[in-house]
Amino acid sequence: MSIMKGSDAAKAVVRRNTEEVQSRGNFEVFDELFADDFVDHTPQPNMTPDKAGVRQLYRYIRDAFPDFHAEIHWQLSDGDRVTTYKTYYGTHEGPLLGVAPTHRKIHFESVDVMRVQNGKITDHWGVGNLFSLMQQLNALPISNGANGSESNESDFRLLINGKLVKGASTLDVINPATGRIFMTAPRADQAQLEQAVASAKAAFGTWSAQPLRQRAALLIKLAEALEAKQEDFARLLTQEQGKPLQQALWEIGYSIGALRYFATLDLPIEVLKEDATQKVIRQRKALGVVAAITPWNLPILLMIIKVAPALLAGNTVVVKPAPTTPLTTLKFGELCARILPAGVVNIIVDQNDLGAALTGHADVAKITFTGSTATGKKVMTSAAETLKRLTLELGGNDAAIVLEDVDPKGVAPKIFAAATFISGQACIGIKRLYVHDSIYDAVCDELGRLARETVVGDGLEPGTQMGPIQNKTQFEKVKGFLEDARQNGKIVAGGNVLERDGYFIEPTIVRDIPDNDRLVREEQFGPVLPVLRYSDLNDVISRVNDSEFGLGGSVWSSDRDHAFEVATRINSGTVWVNKHLDTGPDIPHAGAKQSGVGVEQGRDGLEEFTQATIINIAK
Ligand code: NAD
């Protein structure tokens with residue numbers, strides 16, 4: 001049935017659309033009708049925003065589903081707006097995108113709304129539903145379901161001994177933007193952990209004996225493979241982690257850069273000393289099996305900055321991501337399965353129950369761990385039995401000091417960005433801000449304005465600047481900090497949970513809160529920033545240093561030399577001047593005090609995956 005009213009141009013499109021679909025009865029028609037008329041600016045969530053992408057999508061469906069067809073049930077044109085209600089049907093049997101064979105009937109309904117001008121479709125709302133369709137087809141493992149789709153059968157696999165295998169059981173992965181399950185992941189049991197460690201151990205001899213440059217070449221191949229799929233990875237990352245797509249793309253880009261960076265490094269034999277009587281040489285050897293354990297805030301980046309140097313140095317690896325964000329890591333496992341020899345990288349997923357078995361395992365030589373300080377202490381304890389090598393990147397409570405000579409309007413956006421990146425869940429985000437008395441009110445006001453202007457939402461929606469909190473446990477924790485701020489400080493902006501599904505908290509600026517409040521002393525890991533007042537520089541430096549944490553810190557001033565002097569007095573692993581949160585795979589990253597042990601990134605980070613042997617030769 002179709003109801004026709006509105007402009008002639010709109011009627012013409014409706015007619016053409018209906019006739020084409022009815023006469024051909026297949027999906028091909030959409031390729032011709034929509035892709036050609038498609039315009040790039042359509043503000044539709046979850047859509048491919050360019051003609052080429054849409055064409056590719058249609059072609060893909062057509063090829064994968066020979067019996068695919070569409071039916072238009074009704075169309076309505078109103079003025080220059082056309083609304084179409086369609087159903088798509090199809091059956092698919094056989095492997096899809098190289099994943100396990102599937103047999104699927106799909107049935108998908110969509111409503112498309114188009115704006116028509118001069119016989120052309122100038123806006124098209126609803127084609128984004130195709131992503132949900134693609135997910136049903138399992139062609140895209142990603143969708144927050146434009147139609148509100150829930151759990152999906154998963155093709156994600158563990159990687160053990162070069163094989164992509166099912167888990168002993170499964171675990172549900174929740175999209176934090178909806179609070180609903182959007183994928184199931186394989187979950188390993190103790191036996192699979194044993195297999196993973198055994199296969200890493202078996203692969204170690206051959207892998208470590210290869211020339212380093214051969215291993216470097218495989219890192220480059222991994223970088224290329226990740227680069228070829230970076231958009232897919234980014235969308236998946238946004239869905240499992242919550243961060244806006246732009247931040248997800250940044251994280252994938254960083255990971256690619258890290259693979260490439262470590263591939264440029266070398267571990268040459270060094271002559272430390274040579275004289276008439278002796279020659280002293282340092283050789284660096286791989287350690288063996290490395291356990292790489294990662295948290296949920298930057299799942300793929302933090303995994304790659306561990307795996308890349310570990311592999312380059314000749315180690316083999318067992319990776320264990322956080323249970324709430326296992327998917328991008330598992331996807332990376334598919335690339336490893338294709339590119340690396342069996343057993344060199346193994347990936348298992350748990351429900352927070354296999355960490356201790358892995359870190360206490362007699363065949364694991366080194367643990368590289370990123371996570372909370374509390375878990376880091378457990379890791380250190382369980383590693384003690386066999387005196388494993390350890391790199392621990394733990395919690396932080398980064399302070400930023402704003403000196404009196406800065407322009408509040410100029411500094412506030414930079415500080416705000418560093419406090420709310422990944423919804424305040426960056427280990428090196430600004431977590432407490434100390435502002436000189438003379439500009440305290442002005443900086444608080446500016447930060448408040450920025451908080452009110454921030455667009456909070458689903459990371460896949462265009463225009464979203466801040467996404468949700470990653471998981472329910474953390475969401476409840478941040479809500480506790482909000483309550484605390486309400487009672488003991490003054491909320492300048494924000495302070496609320498968003499009234500919608502998912503784990504959303506408004507960016508919140510809190511002023512006039514005492515130093516001993518838990519929002520100041522603990523790691524809030526959420527978008528709730530306490531702003532504290534100071535008037536004496538020595539006093540503020542001692543307040544900043546009075547913390548069990550020592551990850552990062554920053555000093556902001558128009559006098560760079562003065563700021564540098566202040567920076568040298570801050571006790572943390574990194575101190576920035578007039579910026580915060582800026583790092584790179586080539587820049588060493590370490591935590592002071594209870595923020596960590598050892599170094600990640602840079603040459604220092606690579607050397608942490610080696611054992612030095614000193615060879616002392618008599619002449
Ligand atoms: P978490 O400590 O809860 O979990 C981290 C990982 O440890 C997960 O994979 C988890 O499954 C695993 N785990 C849990 N119990 C274990 C055990 N007994 N033995 C071994 N592994 C175990 O941390 P999180 O909540 O996922 O991440 C947030 C924390 O990570 C924050 O404190 C943040 O500051 C910190 N972090 C630090 C850095 C850094 O570079 N210093 C970077 C990112 C995040």
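Remember, it's 1-based here, ligands and their atoms both numbered in the order they're listed.
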Minimal heavy-atom distance between Phe416 and Pro507, with the atoms involved, is CZ-CB, 3.9 Å

Ordered by chain then number, the protein residues lying under 4.0 Å from ligand 1 by heavy atom are Ile293, Thr294, Pro295, Trp296, Asn297, Leu302, Lys320, Pro321, Ala322, Pro323, Asn352, Gly355, Ala356, Thr359, Phe369, Thr370, Gly371, Ser372, Thr375, Lys378, Val379, Glu393, Leu394, Gly395, Gly396, Cys427, Glu523, Phe525, Leu551, His589

Please verify the inter-ring angle class for Tyr503 with Phe475; under 30° counts as parallel, over 60° as perpendicular, anything in between as tilted.
tilted

Checking side-chain hydrogen bond (donor to acceptor under 3.5 Å, both in side chains) between Glu240 and each of Thr324, Thr328, Asn175, which is the one that passes?
Thr328

Asp586: partners by salt bridge (Lys or Arg N to Asp or Glu O under 4.0 Å), with sequence neighbours left out:
none

Any cation-pi pair here, Lys331 with Phe156, using under 6.0 Å and within 45°?
yes

More than 12 foreign heavy atoms under 6.0 Å from NZ of Lys479: is that the case here?
yes

